[in-house]
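First the structure, in the form of structure tokens, and then the observations on it.
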Amino acid sequence: MNIELRGTAAAQGWPAAGCRCASCNRLRASGVRHEPFAALIDGVPMDGLPRTEVPGGHEVRSPGGGRVLVAAGPGARPEPVPGARYGAVLLDLAGSPEHLGLLRRAGAVTSATEVAAVHVDHRLPSPAELERRMAFWNRPGGGPFRTLLLGGSRSGKSAEAELRLAACPDVLYVATGPVRDDDPEWAERVAAHRRRRPSWWRTAETAALADVLSSATGAVLVDGIGTWLAAAMDESAAWDDPSRVLPRIDELVEAWRGTAARVVAVSDEVGLSLVPATASGRAFRDLLGLANQRLAAESEEAALVVAGRVMELP
């Protein structure tokens, strides 16, 4: 089955007429325009092919009998026909990349399925950003493959980690921080993270991170290394003698190196802030910097997130 996309944008095109947002202005300044979504399937306009309406879109049959699932528009999440295996899916990945993960989880999308983003618009910063994300979403769900994401507080590093694994059919989210029922502000932070994640992701709240990495085989998101280190220092009584936690860091790095999973881990970049005023604070900073360096050295990818923007580290 051959699919030729004549346009990929939402109904107003991209840039949208009269829109002054940065995304539309970038395209306008570069003289680039993406036309509204239209496609040929095996040389035939998609609108002229047999279709079956489904919630959120429709299924189209190619002249050769292939099945294509198509999103109705921005924000639409087409439901697959029960038992269907699609040759191609044309989805609103700008708005709902996790829907691709759900279709994979249901078996409607397989490794042989062609995946394309349609109805694209200024919800994306640029076409280059869509291309960057598509590389993650088309990557095989398993491993081994390790990614370390660094950033400061509220930099967007956790959201970037979730984005990279959004299209996986199954993700184990490892929360290494303690549950603080007596801290409403912390509880709201945890709840906000949970609301942002797909409902079918599994969650493990544990500081036994090396054990998780040693046994996992699918996609794993670790959030984060800083809270893991704080717990490890508590358990090792290392605040007064930082050397006591070094074997735990060695154990983590060994598990990271040997994991069979596709892992994305979040950690705090500690080298850009003020020098901590206390000895224990300086010890934590130094140990986390050491852990970050050692994990990055064993990672296929590492990136720094600043103000929601991502800089890949060579």
Side-chain angles (χ1 to χ4, degrees), residues 144-162 164 173-180 183 185-186 189-190 193 204-214 216 220-259 261-314:
F145 199 92
R146 290 142 290 228
T147 300
L148 180 65
L149 295 177
L150 302 168
S153 298
R154 298 295 187 178
S155 62
K157 58 188 182 296
S158 293
E160 171 66 16
E162 292 162 11
R164 291 190 181 216
Y173 184 99
V174 183
T176 60
V179 178
R180 303 177 184 175
D183 187 338
E185 189 272 339
W186 179 261
R189 284 177 182 241
V190 172
H193 276 244
E205 295 178 344
T206 179
L209 186 51
D211 292 342
V212 172
L213 294 177
S214 296
V220 177
L221 194 160
V222 178
D223 198 353
I225 301 302
T227 48
W228 169 83
L229 178 61
M233 292 182 72
D234 284 342
E235 294 169 2
S236 305
W239 293 103
D240 295 324
D241 182 1
S243 65
R244 293 174 181 168
V245 82
L246 292 176
R248 294 288 300 275
I249 295 176
D250 291 340
E251 180 186 33
L252 174 63
V253 173
E254 185 64 26
W256 180 266
R257 180 190 297 118
T259 188
R262 175 183 174 184
V263 187
V264 176
V266 172
S267 189
D268 299 290
E269 173 49 56
V270 293
L272 303 177
S273 59
L274 297 175
V275 176
T278 64
S280 59
R282 291 190 292 274
F284 178 82
R285 177 202 60 179
D286 293 348
L287 288 166
L288 184 54
L290 172 65
N292 288 344
Q293 289 185 53
R294 294 187 62 188
L295 292 173
E298 301 290 345
S299 300
E300 286 82 356
E301 291 177 340
L304 178 65
V305 185
V306 180
R309 304 263 181 124
V310 183
M311 296 182 289
E312 299 293 337
L313 302 176

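Both backbone and side-chain heavy atoms feed into the values below; hydrogens, waters and symmetry mates do not. For this chain, numbers begin at 1 and follow the sequence in order.
- Not a single donor-acceptor pair under 3.5 Å links the side chain of R285 to the backbone N or O of V270.
- The heavy-atom pair separating A261 from T259 by the smallest distance is N-OG1, 3.2 Å.
- Scanning all heavy atoms of the two residues, the minimum distance from L288 to L229 falls at N-CD2, 3.4 Å.
- Taking every heavy atom of both residues into account, V305 and G156 meet most closely at CG1-C, 3.7 Å.
- Of the possible polar contacts, none joining the K157 side chain to the L304 backbone as a donor-acceptor pair under 3.5 Å is found.
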>> Is there a side chain to side chain contact (heavy atoms under 4.5 Å, CB included) between D268 and N292? Walk through the geometry before answering.
In response: CA-CA 8 Å; D268 299 290; N292 288 344; 5.8 Å; no
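- Between L246 and L290 there is a side-chain heavy-atom pair separated by less than 4.5 Å.
- Here the CD-CG distance, from E251 to D211, works out to 6.5 Å after rounding to the nearest 0.5 Å.
- Taken to the nearest 0.5 Å, the CG atom of L287 stands 13.0 Å off from the CZ atom of R282.
- Of all heavy-atom pairs between E300 and P144, the closest is OE2-O, 4.2 Å.
- Using a distance-only test at 3.5 Å, with no hydrogens or angles considered, a donor-acceptor pair links the side chain of T176 to the main chain of G224.
- The side-chain contact (heavy atoms from CB on, under 4.5 Å) search around S299 returns R146, L148, W256, not counting sequence neighbours.
- Between V266 and A161, the closest heavy-atom pair is CG2-CB, 3.6 Å.
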>> Between V245 and E235, is the side chain to side chain contact (heavy atoms under 4.5 Å, CB included) condition met? List the steps.
In response: CA-CA 9 Å; V245 82; E235 294 169 2; over 6 Å; no
>> What verdict does the salt bridge (Lys or Arg N to Asp or Glu O under 4.0 Å) test give for D250 and R294, after you've listed the backbone C-alpha separation in whole Å, the side-chain angles of each residue and the deciding distance to 0.1 Å?
In response: CA-CA 9 Å; D250 291 340; R294 294 187 62 188; 2.6 Å; yes
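- Under the side-chain contact (heavy atoms from CB on, under 4.5 Å) test applied with E301, the options L313, T147, V264 reduce to a single match, T147.
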>> Determine whether E160 and R164 satisfy the following criterion, salt bridge (Lys or Arg N to Asp or Glu O under 4.0 Å), listing intermediate values before the conclusion.
In response: CA-CA 6 Å; E160 171 66 16; R164 291 190 181 216; 2.7 Å; yes
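- A distance-only check finds no donor-acceptor pair linking the side chain of S267 to the backbone of I225 [under 3.5 Å].
- Considering CG of L221 and OG of S158, their distance stands at 7.5 Å, rounded to 0.5 Å.
- Across all their heavy atoms, D241 and S243 have their closest contact at OD1-OG, 2.6 Å.
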